[in-house]
Each structure stands twice: as structure tokens, then as C-alpha cells.
Amino acid sequence: MDHNLYLYNTLSRTKEKFEPIHPNLVGMYVCGPTVYSDVHLGNCRTFVSFDLIFRYLRHLGYKVRYVRNITDAGHLEGDRDEGDDKFAKKAKLEQLEPMEIVQKYTIGFHDVLRLFNTLPPSIEPTATGHISEQIEMIEQIIENGYAYERNGTVYFDVEKYVETYDYTILTNRKLEDMLNNTRELSGQDEKKGRLDFALWIKAKPETIMRWPAPWSVGFPGWHIECSAMSRKYLGDQFDIHGGGMDLAATHHTNEIAQSEACNHTSPAKYWMHTNMLTVNGARMSKSAGNGFLPGELFTGNHPLLNRGYSPMAVRFFMLQAHYRSTLDFSNEALDAADKGYKRLMTAISLLDKLKVSKGADSFNLAEIRRKCYAAMDDDFNSPVLIAELFEIVRIINSIYDGKAKVTAEGLEGLQVFMKEFVEDILGLRNDQTSASDDIDDVMNLVIKLRNEAKANKDFVTSDRIRDELNSIGIQLKDSKEGTLWNKI
């Protein structure tokens, strides 16, 4: 690989040159959804971001094994092993079996990601499909002295762990501060220490999702599943572990602890985290009443939205912000992204209509290509890449208007370039195409009527036709060869 790809490593808090553990092979694990409800936009932002990373690594020629899990058991309402099981609670509300809840929302998750045009991961393991691997890992952690059993529940011993390892290495927080932010142990608490967390939880009599284990009939804790499944499919140590930044302080911190306690090595070389979402500057959350689901964003059926936006326009909007930056949703920002996305798609649609010339191209595609790779090699900087792509949009429009020239070879280069960077890397596709097979005939008729109005010097009518079409997203362009149209 001749690219100098640098990525930001949360572990070191610096950008590091990407050097995979095994040449030309990349192992990447991303924490997937807990499928007890509809996937939210924060999840979608994370998965779109790692889809970009997956696509670019493959574009560079790496063979990537991308593992993204489905959490379908063991996730309690509280991150510190308190509260009800999320699946059981939702199943009771909807009067369904827990695995019906899992099936319903897993299908919904896949449907939404399909609309966002994300590539499926190489492997998508489930927590319930890997109970034996989790039990095996817990047994090894106990044998190594970093876990203990209390009345059928197994806890990770953080105090024992910190004698050898740094529990705060990922977040750089002080252990004293973490202790101060947790509640004091009551006399009824089985844990030795306040930071200890459950690896295996003894089932209550009413618990439906339960499995036999050496300690009790119960279910695994939330954190152990990712450690067990990443180990199974990527090995004790792999290249990239990703997820939302909200997972770093607890879930990912505990993953590192479990893996080191079991395998005596940190699981991932590079840790990558996406930033949070805001709405009009305020953090998006259900409690604040400013959250909306992907479906509501697509239809516009939400009090905070003026209208709906296509999935590709939303993907474009997400990619306009760097994955480590806060992404702020507003009607104005979405409108601007929608216009930008349509400009990009319009330019691509014009490629087949450009007239080639002899001589030399009026642009330096090799230099633009170099800048685009430089953007992506700088921690997958999609906003800078998109800015460079609009230089290509300007060039295409200039050629179409007869103000710049392109050779046959240059046109082929432009077509290949746009496919690689827009379709293959950014994962954008044109969803503006009309579903009607008769649209060309209709437009030819409209253009004919406009031309007749112009010939009769009825410029009021001809201008009105042009302006009305423009208001519904159809642009007319007059040229020596006649009038052409395209969606904008």
C-alpha cells in the first residue's frame, strides 16, 4: 500500500499512521445495535461513518473483515447492572416473546441501513448465538484471578485488575473520579468494589431469556459479548475497534479490561469513536423531546421538521461533517445538504452529455485526485473530500456550457473518478431518478411547447415554463444542440 493513511486513535489521543497487524489484511469490529427498539439516528451516523471507513480501506486494496454485532440479550437498563432487561421489558409492553422483539427490530435496522446504502458487514454475530464463547471467556477470566462469583452471578474484579493494568487508559479519566461518580455499596450489594461489573447474571424466576452456565442458569452481561465475539472472529488482537463516543467510558473500557484479563493483551490497536448528534445546537435525546427517527426524517412527519429528505441526501449531510465532529441537525442545514447533494448528482448525470474535443483538457484531474486521496488519508476527512468533488462539479458544468474542454480520455477519467469517489467511497447513489418511464416523452413535449413560445416571442410563457420546472427540481439548459433537462 503506497498511501499514508492516518487515523485518530482514541487510545493515544493522537493521529497515527495506519499500519495493520497483518500486511494487506484489516480486522475491524464495530459495536452494533441493541435491537429492542427502532434504530436511532446516532446509531445510523456511526454505521454510515464506519461504512465510509470500510469502503475506503477496501478501495485501497485491503482485504477487510468487518464484524458488527447484534446485541439481542443481556443489556439491562442501567450500565452498572441495574434495572430490567431491555428485551423482556419491551416484550411485556408489546405482549410478544423477547425473540419476536429481536426479530422485529433487527429487520427494521437492516431496512434502514439499506436505505442509507451501507454495505453489509463481513460477519454479523449475535449475542445469543455465542453464549458458549462468552462462558468460556468468563471461565478464563476467573482462572486468571480477575473475577469472582457471588450467589450465581459473576463479577469482574476491577480492584484486582488495576494492580496490573490501567483501567482508564481509553478515557484518561482518574480512577478516583470514576469512584466518586458511582454509588456507595449498600450492605445488600454482592460486589466487592463499586466499579465491578457483571460478566454473568443469575436469572430471576420470571426471566425468559436464560441459559445454563457453571455458576447458575442466567444470561451474560452486556460487555462480555463484544469481547468474546471479536476474539472469535478477529483474534486476541485486531486492528480497529469502533463505536459511538458514548460507549468509550463504560462499554469499551470494560471490553479492554475483559480482554486483557483473559488474553493478557489489549484487543484493538486503534480505537475510533464517532461524535454525538445535536438538534438546533441542543443534544438530541428522547427526554429532551428533540429526537426523531430515520423514518420521520425521510417523511418529514415530525414537529421539528419542515419537510422530508431522501436517505441519500441525509447520508450526504452526515458525510459533510467529519465523523469525530458534532453533527447538528436543523432544517436549514438539511436544506443546504439536499441542494448540495442534488448539484452533485446533476453534474454526474451530465457526464454522458458532454461533448469531447481534441487537444488538451482544461483541468488537471491528477492533481484533484491527489487532493481527494490526501483528504481521505487524513483520518477519513469526508468534508474536505466533498469540497474537492465540487471543484469537479464546477469543471463538468463549465464543459457542458462550452466554457471548458474535455478530451475523450479526459471524459473517461472523469467518469471513473466520480464512480470511485462518489459511489464506491462515499457510498452515494442517485435516488432522484423518476419512477415514470414516460418522463422523457413528457419533458420533450414541455420543451417543444417552450420552444414554440420563444419562436412566437412569448417570452413571458417560455420563462414561466422554465421557472416553474425549476421550482419542482427540473433544470433546463439551452445549448447549440438544443434544450437539455436534468433533475436538480
Side-chain angles (χ1 to χ4, degrees), residues 117 309-310 312-313 315-317 319-320 335-369 371-372 385-448 450-451 454 462-463 465-488:
N117 198 32
Y309 302 87
S310 75
M312 284 298 94
R315 181 181 174 108
F316 180 82
F317 170 70
L319 294 174
Q320 278 189 308
D335 284 340
D338 188 48
K339 290 177 182 177
Y341 164 71
K342 288 175 178 176
R343 277 185 61 208
L344 183 60
M345 291 300 112
T346 296
I348 292 173
S349 70
L350 291 177
L351 284 171
D352 291 334
K353 302 174 183 178
L354 299 183
K355 287 189 66 178
V356 298
S357 306
K358 293 183 179 180
D361 295 317
S362 301
F363 55 92
N364 186 343
L365 185 59
E367 177 60 17
I368 296 171
R369 181 181 285 273
K371 290 179 179 178
C372 289
L385 169 61
I386 289 172
E388 295 295 341
L389 289 177
F390 276 103
E391 175 61 19
I392 292 288
V393 169
R394 184 192 65 78
I395 290 168
I396 291 171
N397 288 330
S398 294
I399 297 168
Y400 183 80
D401 291 337
K403 298 174 183 177
K405 293 182 179 181
V406 63
T407 63
E409 183 181 359
L411 178 56
E412 183 181 354
L414 281 175
Q415 290 170 329
V416 170
F417 174 88
M418 294 302 267
K419 182 184 184 303
E420 287 179 341
F421 281 92
V422 177
E423 183 180 334
D424 297 346
I425 294 173
L426 290 179
L428 296 170
R429 63 187 177 198
N430 191 351
D431 61 3
Q432 303 299 301
T433 304
S434 173
S436 172
D437 294 332
D438 301 323
I439 185 67
D440 284 325
D441 292 336
V442 172
M443 286 308 302
N444 287 336
L445 176 60
V446 172
I447 290 169
K448 181 182 178 182
R450 178 172 177 266
N451 288 339
K454 288 173 67 178
S462 68
D463 289 347
I465 291 172
R466 180 198 62 203
D467 294 342
E468 291 287 344
L469 287 172
N470 194 72
S471 70
I472 61 172
I474 296 176
Q475 182 182 56
L476 297 182
K477 283 204 172 188
D478 296 316
S479 68
K480 294 177 183 179
E481 287 74 30
T483 301
L484 300 173
W485 70 274
N486 56 268
K487 292 184 72 68
I488 56 175

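Asn397 contributes atom CG, which lies 11.5 Å from atom CD1 of Ile392 (distance to the nearest 0.5 angstrom). Of the inter-residue distances, the one linking Leu426 atom CG with Ile386 atom CD1 reads 5.5 Å to the nearest 0.5 angstrom. The CG atom of Leu319 sits 9.0 Å away from the CG atom of Leu385 when rounded to the nearest 0.5 Å.
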(request) Before giving the answer on side-chain contact (heavy atoms from CB on, under 4.5 Å), spell out for Ile396 and Val406 the whole-Å C-alpha distance, their side-chain angles and the decisive distance to 0.1 Å. (result) CA-CA 9 Å; Ile396 291 171; Val406 63; over 6 Å; no

(request) Could you go through the side-chain contact (heavy atoms from CB on, under 4.5 Å) check for Asn117 and Leu428 one step at a time? (result) CA-CA 7 Å; Asn117 198 32; Leu428 296 170; over 6 Å; no

(message) Applying side-chain contact (heavy atoms from CB on, under 4.5 Å) to Met345 and Val422, what does each step give before you reach the verdict?
(response) CA-CA 9 Å; Met345 291 300 112; Val422 177; 3.8 Å; yes

(request) Go through the steps to decide whether Leu344 and Met418 satisfy the test side-chain contact (heavy atoms from CB on, under 4.5 Å), and finish with yes or no. (result) CA-CA 10 Å; Leu344 183 60; Met418 294 302 267; 3.8 Å; yes

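The shortest distance between side-chain heavy atoms of Leu365 and Phe417 falls below 4.5 Å. Under the 4.5 Å side-chain criterion, counting only non-hydrogen atoms from C-beta, Ile399 is not in contact with Lys355. The shortest distance between side-chain heavy atoms of Gln415 and Asp352 falls below 4.5 Å. A 4.5 Å side-chain heavy-atom check between Thr346 and Arg343 finds every atom pair outside the cut-off. Using a 4.5 Å heavy-atom threshold, the side chains of Met312 and Arg429 count as touching. Put simply, the side chain of Leu414 reaches to within 4.5 Å of the side chain of Leu351, judged on heavy atoms. Side-chain contact between Asp424 and Lys419: present, with at least one pair of heavy atoms (C-beta onward) separated by less than 4.5 Å.
Nearest heavy-atom pair across Arg315 and Gly427 is NE-O, 3.4 Å. Scanning both residues, Ala337 and Ala313, for their nearest heavy atoms gives CB-O, 4.4 Å. The shortest heavy-atom contact between Thr407 and Gly359 is CG2-O, 3.4 Å. Nearest heavy atoms, Ile395 versus Ile368: CD1-CD1, 3.6 Å. Contact between Cys372 and Phe421 at its shortest, heavy atoms only, is CB-CE2, 3.5 Å.
Looking at Arg450, its side chain does come within 3.5 Å of a backbone N or O of Ser462 through a donor-acceptor pair. No donor-acceptor distance shorter than 3.5 angstrom exists from the side chain of Asn470 to the backbone of Arg466, with no hydrogens or angles considered. For Arg394 (side chain) and Leu389 (main-chain N/O), no donor-acceptor pair under 3.5 Å exists by modelled atom type.
In the displayed structure, Glu412 atom CD is contacted under 6.0 Å by at most 12 heavy atoms of other residues, nucleotides or ligands.
Lys342 and Asp338 are joined by a salt bridge, as a carboxylate oxygen and a charged side-chain nitrogen come within less than 4.0 angstrom of each other. For the pair Lys405 and Asp361, the salt-bridge criterion is not met [side-chain N within less than 4.0 Å of a carboxylate O]. Salt bridge Glu420/Arg369: present, at least one basic N to carboxylate O contact under 4.0 Å.
Ring pair Phe316/Tyr341 is tilted by interplanar angle, where 30° to 60° counts as tilted.
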